[in-house]
Amino acid sequence: MSVLTSKEPAEIQALSPQTVRADFPALDRIFADQQRLVYLDNAATTQKPRAVLEATRRYYEESAGNVHRAVHRLAAEATELYEAARQRIAKFIGAPSTRSMVFTHGATEGFNLVAYGWARKFLKAGDEILVTEMEHHSNFVPWQRAAQERGAVVRIAPILEDGTLDRVAFARLLTPRVKLVAVTHASNVLGTVNPVAELIAAAHAIGALALVDAAQSAPHLPLDVRALDADFLAFSGHKMLGPTGIGVLYARETLLEAMDPFLTGGEMISKVFDDHATWADIPQKFEAGTPHIAGAIGLGAAVDYLERLGRERVRQHEQQLTAYALERLGDLPGLRIFGRAPERVGVISFALDGVHPHDVAQFCDQTGVAIRAGHLCAQPLMHRLDVPALSRASLYLYNATDDVDRLVEALQAAQRFFHAT
Ligand code: PLP
């Protein structure tokens with residue numbers, strides 16, 4: 001892998017996105033009049049480096065056995081690769097043990113697992129779950145459903161004009177009735193990075209548990225579940241260079257032990273009798289059926305790749321690039337950016353005067369620039385912002401200023417086209 005710009009010590013070298021690009025075959029694709037693809041939809045999913053593609057291919061070509069079952073060599077190799085990936089990912093997020101790390105199919109399954117396994121078991125009528133106005137549907141709808149079933153209530157902490165959390169309102173809503181605070185670490189619409197360590201400490205102070213949606217932070221920020229003191233934290237592999245269909249739920253061991261299983265079937269049992277069954281130890285208790293073995297191995301390779309690059313270096317690069325993008329987009333007349341939090345990731349949502357967000361995205365696509373448009377799986381936030389939809393450009397480690405320049409050119413051309421017609 002070729003990621004460093006020179007022979008200086010790793011800690012002080014800047015990341016070279018142009019060199020990093022060489023590791024991503026998809027970024028070689030040519031679109032629109034021989035223009036190279038500019039991929040700016042990283043908040044939806046990221047491209048995959050060769051190291052990830054090779055790790056998954058190797059599993060299928062050489063070690064395709066099932067895990068934890070047969071005694072033959074392929075099964076043993078598969079189990080070893082799968083559990084080694086769990087160990088490396090646990091270390092990557094600072095988890096105290098692999099027992100606290102459940103493989104899921106993504107962040108969404110992680111939240112549902114907690115909603116089924118914890119909320120439906122422990123919530124009582126009148127209890128409250130506190131979320132924020134900037135949550136993705138996946139960290140919102142599972143709590144709505146669980147609350148409806150248990151007679152509990154979901155409270156929503158509002159945001160301020162700049163897209164940061166209204167901490168005064170949050171503190172006011174954090175009453176002893178709240179049993180769970182479920183908050184995103186980084187917003188997939190506004191880019192806002194929430195002060196999750198402080199929010200978790202506030203939740204604990206009133207005896208509530210805290211869950212972190214790390215779908216948009218795990219790929220971009222150094223993450224340490226112990227330093228955060230999180231009770232639950234979930235993210236998806238595909239947003240951090242890994243395969244689709246694999247993700248992680250971290251939870252305190254004591255909580256996982258107390259929770260009910262979410263899915264039942266093979267792999268997650270200890271003993272099965274005619275009339276009842278007992279459960280395997282954690283984390284297997286929450287991994288029913290054959291897991292996404294290749295996905296876990298691929299995610300392990302993605303984590304290795306990110307660590308070789310250095311997460312601080314990735315963060316620094318993205319911060320510089322985000323500042324550049326905000327400045328360039330901010331200079332475009334008729335373009336309004338939503339979210340101006342000082343602590344942020346490289347997710348930039350915007351509206352272009354007089355042009356529907358879908359038309360903006362489609363026009364950009366015709367110039368080889370991939371961005372997203374829609375309600376961004378955050379309809380309550382769209383209502384708050386009083387927009388039906390937004391366009392969104394989201395940056396990652398292989399993006400550089402030339403990508404932002406291509407986006408700006410595409411938006412200028414879109415303005416000329418739509419305002420002339
Ligand atoms: N949370 C946030 C902030 C997200 O941006 C997303 C996906 O866009 C999710 C959760 C859900 O992730 P997945 O669809 O991979 O489960």
Side-chain angles (χ1 to χ4, degrees), residues 39-48 89 93 102-116 131-145 156-157 159 163-165 181-194 196 199 210-221 223 230 232-250 262-263 291-292 295-296 298-299 302 318 338-339 341 343-349 361 370-382 384 389-396:
Y39 187 76
L40 297 175
D41 194 17
N42 295 289
T45 197
T46 60
Q47 300 305 319
K48 320 301 172 200
I89 300 162
I93 59 166
V102 180
F103 278 124
T104 61
H105 77 241
T108 302
E109 186 187 330
F111 307 135
N112 277 281
L113 195 159
V114 178
Y116 278 88
V131 301
T132 79
E133 223 168 20
M134 66 179 99
E135 299 311 321
H136 187 280
H137 295 156
S138 70
N139 190 30
F140 187 66
V141 182
W143 311 123
Q144 253 182 359
R145 296 261 297 142
I156 306 173
I159 57 165
T164 56
L165 180 65
V181 170
V183 61
T184 193
H185 196 175
S187 162
N188 67 308
V189 177
L190 305 162
T192 307
V193 173
N194 279 315
V196 280
L199 304 180
L211 173 144
V212 178
D213 173 355
Q216 297 294 346
S217 63
H220 306 285
L221 312 175
L223 195 62
F232 303 105
L233 180 142
F235 57 92
S236 298
H238 69 97
K239 293 183 197 287
M240 51 188 290
L241 311 179
T244 53
I246 187 75
V248 166
L249 171 70
Y250 160 80
F262 172 35
L263 301 173
H292 186 5
L299 181 53
E318 288 181 18
F338 290 75
E343 260 312 293
R344 63 176 303 141
V345 289
V347 170
I348 305 172
S349 295
I371 63 167
R372 170 90 189 269
H375 54 59
L376 309 179
C377 298
Q379 287 182 14
L381 180 57
M382 295 294 129
R384 159 72 173 79
L390 288 173
S391 302
R392 180 185 72 189
S394 48
L395 311 169
Y396 206 16

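Counting starts at 1 for both ligands and their atoms, in listed order. All residue numbers in this chain count up from 1 along the given sequence. For clarity, every value in this text was computed on a predicted model and none was experimentally measured.
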Is it the case that the side chain of [X] and the backbone of [Y] share a donor-acceptor pair, with hydrogens and angles ignored and the cut-off at 3.5 Å?
{"X": "Ser138", "Y": "Thr108", "answer": "no"}
{"X": "Lys48", "Y": "Gly298", "answer": "no"}
{"X": "Ser236", "Y": "His238", "answer": "no"}
{"X": "Lys239", "Y": "Ala44", "answer": "yes"}

> Does any N or O atom in Thr184 lie less than 3.5 angstrom from one in ligand 1, N or O only?
Replying inline: no
Just need the protein heavy atom nearest to [atom], so name the residue and atom and give the distance.
{"atom": "atom 4 (C) of ligand 1", "answer": "His136 CD2, 3.3 Å"}
{"atom": "atom 16 (O) of ligand 1", "answer": "Thr108 OG1, 2.6 Å"}
{"atom": "atom 10 (C) of ligand 1", "answer": "Ser138 OG, 3.1 Å"}
{"atom": "atom 7 (C) of ligand 1", "answer": "Lys239 NZ, 2.7 Å"}
{"atom": "atom 2 (C) of ligand 1", "answer": "Asp213 OD2, 3.4 Å"}

> Heavy-atom distance under 4.5 Å between the side chains of Thr104 and Phe235, does that happen here?
Replying inline: no
>> Less than 3.5 Å apart, any donor N or O on the side chain of Ser217 or His185 sitting next to an acceptor on the other?
In response: yes
> Among the heavy atoms of Cys377, does any lie under 4.0 Å from an atom of ligand 1?
Replying inline: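 So Cys377 does not count as touching ligand 1.
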>> Check contact between His238 and ligand 1, using heavy atoms of the residue and a distance below 4.0 angstrom.
In response: yes
>> Suppose I only count heavy atoms of Gln216 and a 4.0 Å limit; which atoms of ligand 1 are within that range?
In response: 3 (C), 4 (C), 5 (O)
>> Only heavy atoms of Ser236, strictly under 4.0 Å: list the atoms of ligand 1 that pass.
In response: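 That gives atoms 12 (O), 13 (P), 15 (O), 16 (O) of ligand 1.
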>> I need the Ser391 OG to Phe338 CZ distance, nearest 0.5 Å.
In response: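 One gets 10.0 Å once the value is rounded to the nearest 0.5 Å.
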>> Test of understanding: given a 4.0 Å heavy-atom threshold, classify the contact between Glu109 and ligand 1 as side chain, backbone, both, or neither.
In response: neither
> When Asn139 is tested against each of His136, Glu135, His137 for side-chain hydrogen bond (donor to acceptor under 3.5 Å, both in side chains), which residue passes?
Replying inline: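 So the option named by the test is Glu135.
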